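Just so it is clear: chains get the letters A, B, ... in the order the sequence lines come, proteins before strands, and each one is counted from 1. These numbers come from a predicted model, not from an experiment. For the numbers below, each heavy atom of this structure counts, side chains included, while hydrogens, waters and symmetry mates do not.
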There are 4 protein chains.
Amino acid sequence: MPDNESSFSGTAPAPEARGRGGKPKRGTAPDKRERILRAAIKVFARKGFFAARVSEIAKAAGVADGTIYLYFKNKDDVLVSLFDDRMRKLLAALREEAARDDATERKLTRIIELQLGLLEGHRDLAEVITVNLRQSTRLLKQYAAPLFVEYLEVIASVVAEGQRAGAIREDIHPLLTARALWGALDGIALTWALGGAEPGGLTRAARELATTLLDGMRRRPAVGA
Amino acid sequence: MPDNESSFSGTAPAPEARGRGGKPKRGTAPDKRERILRAAIKVFARKGFFAARVSEIAKAAGVADGTIYLYFKNKDDVLVSLFDDRMRKLLAALREEAARDDATERKLTRIIELQLGLLEGHRDLAEVITVNLRQSTRLLKQYAAPLFVEYLEVIASVVAEGQRAGAIREDIHPLLTARALWGALDGIALTWALGGAEPGGLTRAARELATTLLDGMRRRPAVGA
Amino acid sequence: MPDNESSFSGTAPAPEARGRGGKPKRGTAPDKRERILRAAIKVFARKGFFAARVSEIAKAAGVADGTIYLYFKNKDDVLVSLFDDRMRKLLAALREEAARDDATERKLTRIIELQLGLLEGHRDLAEVITVNLRQSTRLLKQYAAPLFVEYLEVIASVVAEGQRAGAIREDIHPLLTARALWGALDGIALTWALGGAEPGGLTRAARELATTLLDGMRRRPAVGA
Amino acid sequence: MPDNESSFSGTAPAPEARGRGGKPKRGTAPDKRERILRAAIKVFARKGFFAARVSEIAKAAGVADGTIYLYFKNKDDVLVSLFDDRMRKLLAALREEAARDDATERKLTRIIELQLGLLEGHRDLAEVITVNLRQSTRLLKQYAAPLFVEYLEVIASVVAEGQRAGAIREDIHPLLTARALWGALDGIALTWALGGAEPGGLTRAARELATTLLDGMRRRPAVGA
DNA sequence: CATGAATGAGTATTCATTCAT
DNA sequence: TATGAATGAATACTCATTCAT
């Protein structure tokens, strides 16, 4: 089971990841920016991006309304930063996995486990990622797309590598497979988040899904021959 | 290829389908309600649900702002009705397919083709279905969920039937598979809509996906025996 | 007890009183205009002029929305016509009373009884007259004022006549008295309408008020001299 | 003549009177809430409650539209607060008068002078109190009624006290008298406000009315004996 | 850095009125 | 006369953002 779950959910300050919008802070507050992001996850999950009020996020974070604008350009930027932060962490984890010297099947299994495992226990985050991100077509196209493409490429590269190694059927389209895999994971996470979000649900789903998919992708050693 | 594509996208007036909100009108306009729905698809796809202005929809439909409120309770109701209308048509098609006396694999293949084929050539509708529907968590939970559950159950029942018939592996979870399948289709449609929406892209994707998935789900006749 | 109560409340067609807005009607409907006016009294009383919807009045009158505009210029005109109609009837009754060859005290007593008696049993009308009429400052100033002045003058003339006849004190200002008398009657009617509107309440109030006021206005025959 | 006239019309900030809706503000503006209320009096008097635009009130008060909603729940609340504020001041003045150790006649005279004197010179306020308050039946019944009942009870108690002291006739109904008295004062103020609002008009009217009414209520010491 | 009072642009919705039938 | 579907002007209210303190 992935142990970087908590870091993904934002416990670690991870100052090196502050690529956008963050301003240098003195040591006064531990990390006000992170506090705001976590408050935003809660509020976005509960109300949705558009219905969420900046003042609510501020209140949930225990800061004044205006303070949010010291750390983020505007409300959009809060959502984008949220996605950006968490997605970068996921990407880093996926890349690390992809770089391992493992069998392709093992890698894909780990990737599936990783992604669903990250959300397991973080229903709010899952809801934000699966639902809220689509709330602004503009945000989706403008900011999410690039990272998303990176994500798909990591998966696709693992598939392609597997094909070169002879472990995966040649007639499979790597990028299409990546799209379908992401969709399947997203769909499972969505129904899990909107439904009961039962503990262990995602972990179990990850395992079953991996088995089925990999069986479909595996190159058959001349069946019946 | 499904030939009811156009009816799904709303070409046919289909007055008998006026289940919700519609009021009986005199024969003045052929079908003003349908005109509004189609205008809404365009505007929602271009701007997103929240950024879409009711007045824009009215203008695109060639009616006065107030007229929209003769056919729909409010802006939310337009989106919900849209989903409701189109989803019911998809469901009917899926059920018909599921009821056929075909092999399970054939049925699943047809279902995948049906769903992606319906969106092929209707980029706007695809974008509304894959993106806009998630714009309001409330709408999603309240209205979309029930129909969505019906959808999942149709797929799951086909899978379960295949298991009973010995065509599909026993260790597969029908409902989870349905969720993953829907997610994969949704993900493919989303990336297609947000990307180039190249002609034939969905149709091709449907075929490839079907092949891969079904291979993974198929019961192996004692490999190597 | 006044016996023209019912005519005041609009039972009689009173075609001669149709001074404003009314259009000649064929004998088709008994009196659609009157039906609309009575419906308006009900709706105005229940909702107030501004909150009252034209469509509600139409529905209460059993006609189509558009029909109202065949009999009245607009919504304002309905309220104005209402006041005009009823006020003219009251004025006619008051004038008749004032012209009688009675003692001044008797006349004033009758006037008080007449006015409150007219409203007794017509709570809706009472509420419209005491409350709704003031809902539009413009209406009040523009339309109600002239009739209202006529009303005050009838009262004032009776008072002045009483002074000339030596029945009423010389130091009383007739017009001020008329204003106060109307105010008192209006205030009593208002509290009656907004309160329980208990049967007989107005009639009883009329008698008591008359006694008190007249005692105050009566010329004392050299008390103690 | 009452010297608290100006305080009634709102000249004094009277921060202690901020019973409803007001939020504590920093010392920026002297009293923004009061400024809004006074602007509202002007606009309501000129246009009537319904025709008055919130933006007009804001402009007249020299604040932004939104600022009004920092001090009042909505437009209704502005009118209600207006009435509430001013009525409480009147009630306090009346109660003080009623509590004095004076003869009943003197008290009633003072009460009449007080009430009309308060409006003298404040035509706008007079118009709001006599006209606008009745513009919303709901407001009238819900908010004004309780304070109004208190008002009537103060008057009625003075009358009843006079009866016990033998100064006022036994056959007079205290509460009815209060209703009539209020109505008379209201009627006089209304006609004054809608008419020329000539200076001194109300003061003069107060004196004459007091004389007449009190004469009618006074217990006669065995006339002719 | 932090605050939160003040701002004012922006829009869904209503409903009086019209007019083709 | 009568209808009622269609119109579209008109406005209270919200809330992201700013900036004086």
Side-chain angles (χ1 to χ4, degrees), chain A residues 23-29 32 50-59 62-78, chain B residues 23-29 32 50-59 62-78, chain C residues 23-29 32 50-59 62-78, chain D residues 23-29 32 50-59 62-78:
Chain A
K23 293 177 184 174
K25 265 137 298 210
R26 277 182 309 177
T28 43
K32 210 163 277 196
F50 281 94
R53 303 293 149 224
V54 170
S55 59
E56 280 178 290
I57 298 175
K59 198 164 142 193
V63 300
D65 293 18
T67 303
I68 290 186
Y69 292 85
L70 297 176
Y71 294 87
F72 302 93
K73 203 151 48 60
N74 50 36
K75 189 183 166 188
D76 278 11
D77 192 40
V78 176
Chain B
K23 295 175 185 173
K25 237 66 49 177
R26 278 187 306 177
T28 45
K32 212 161 277 197
F50 281 94
R53 301 295 146 223
V54 171
S55 59
E56 283 178 288
I57 298 176
K59 200 161 134 191
V63 300
D65 292 20
T67 304
I68 290 187
Y69 293 86
L70 294 178
Y71 294 86
F72 302 94
K73 205 151 47 59
N74 49 36
K75 190 183 165 187
D76 278 13
D77 192 39
V78 176
Chain C
K23 294 176 184 176
K25 263 139 305 270
R26 277 184 310 177
T28 44
K32 209 163 276 196
F50 281 92
R53 303 295 151 223
V54 171
S55 59
E56 282 178 290
I57 298 175
K59 196 164 143 193
V63 300
D65 293 19
T67 303
I68 290 186
Y69 292 85
L70 297 175
Y71 294 87
F72 301 93
K73 202 151 47 63
N74 50 36
K75 189 183 166 188
D76 278 13
D77 191 39
V78 175
Chain D
K23 295 174 185 174
K25 236 66 47 175
R26 278 188 308 178
T28 44
K32 212 160 276 198
F50 282 94
R53 301 295 148 223
V54 171
S55 59
E56 284 179 289
I57 298 176
K59 200 162 135 192
V63 300
D65 293 20
T67 304
I68 290 186
Y69 294 86
L70 295 177
Y71 295 87
F72 302 94
K73 204 151 45 61
N74 49 37
K75 190 183 164 188
D76 278 13
D77 192 39
V78 176

If I take atom OH in residue C/Y69 and atom P in nucleotide F/dT1, what distance separates them, rounded to the nearest angstrom?
19 Å
Between C/K75 and B/A51, just flag the one whose closest nucleotide in DNA chain E comes earlier from the 5' side.
B/A51
Counting only side-chain N and O atoms of B/R53, is one of them less than 4.0 Å from OP1 or OP2 of E/dA12?
yes
Would you indicate what D/A52 reaches in the nucleic acid, counting non-hydrogen atoms under 4.0 angstrom: base, sugar-phosphate, or nothing?
sugar-phosphate
Note: C/D65 and C/S55 closest approach over all heavy atoms is OD2-CB, 3.4 Å
My understanding is that a pair needs two contacts under 3.5 Å, Watson-Crick or G-U wobble. By that rule, which nucleotide pairs with E/dA20?
F/dT3
Could you state the CD-C1' distance from B/E56 to E/dA12, rounded to the nearest angstrom?
13 Å
5'-most contact on DNA chain F (nearest-nucleotide basis), B/G66 vs C/G66, goes to C/G66
Return the value, rounded to whole Å, for the distance between atom CZ of B/F50 and atom P of E/dA12.
11 Å
Minimum heavy-atom distance D/V54-D/I68, with the two atoms named:
O-CD1, 3.8 Å
Quick one: look up who E/dG10 pairs with, Watson-Crick or G-U, both distances under 3.5 Å, and put none if it's unpaired.
F/dC13
Give the rounded distance in Å between these two atoms: CG of B/D65 and P of F/dT11.
16 Å
E/dA6, OP1 or OP2 - any side-chain N/O from D/K32 closer than 4.0 Å?
yes
Whole-Å distance separating the CG atom of A/D76 from the P atom of F/dC15:
16 Å
Roughly how far apart, to the nearest Å, are E/dC1 and F/dT21 at atom P?
23 Å
To the nearest Å, how far apart are B/F72 CZ and E/dT14 P?
15 Å
Between P of E/dT18 and CD1 of C/I68, the distance in whole Å:
13 Å
Report yes or no: does B/K75 contribute a side-chain atom to a donor-acceptor pair with the main-chain N or O of B/A52 at less than 3.5 Å?
yes
Whole angstrom is fine here: how far is it from CD1 in B/I57 over to P in E/dT13?
11 Å
pair A/Y71-A/D77: side-chain heavy atoms closer than 4.5 Å
no
By nearest heavy atom, map B/V54 and D/G62 onto DNA chain E; which one lands nearer the 5' end?
D/G62
Considering only side-chain heavy atoms of A/T67, which listed nucleotide, E/dT13, E/dT17, E/dA2, is closest?
E/dA2
Show the nearest heavy-atom pair for residues A/Y69 and A/K73, with the distance to one decimal.
CD2-O, 3.6 Å
Can you tell which of E/dT17, F/dA2, E/dT3 lies closest to the side chain of A/A64?
E/dT3
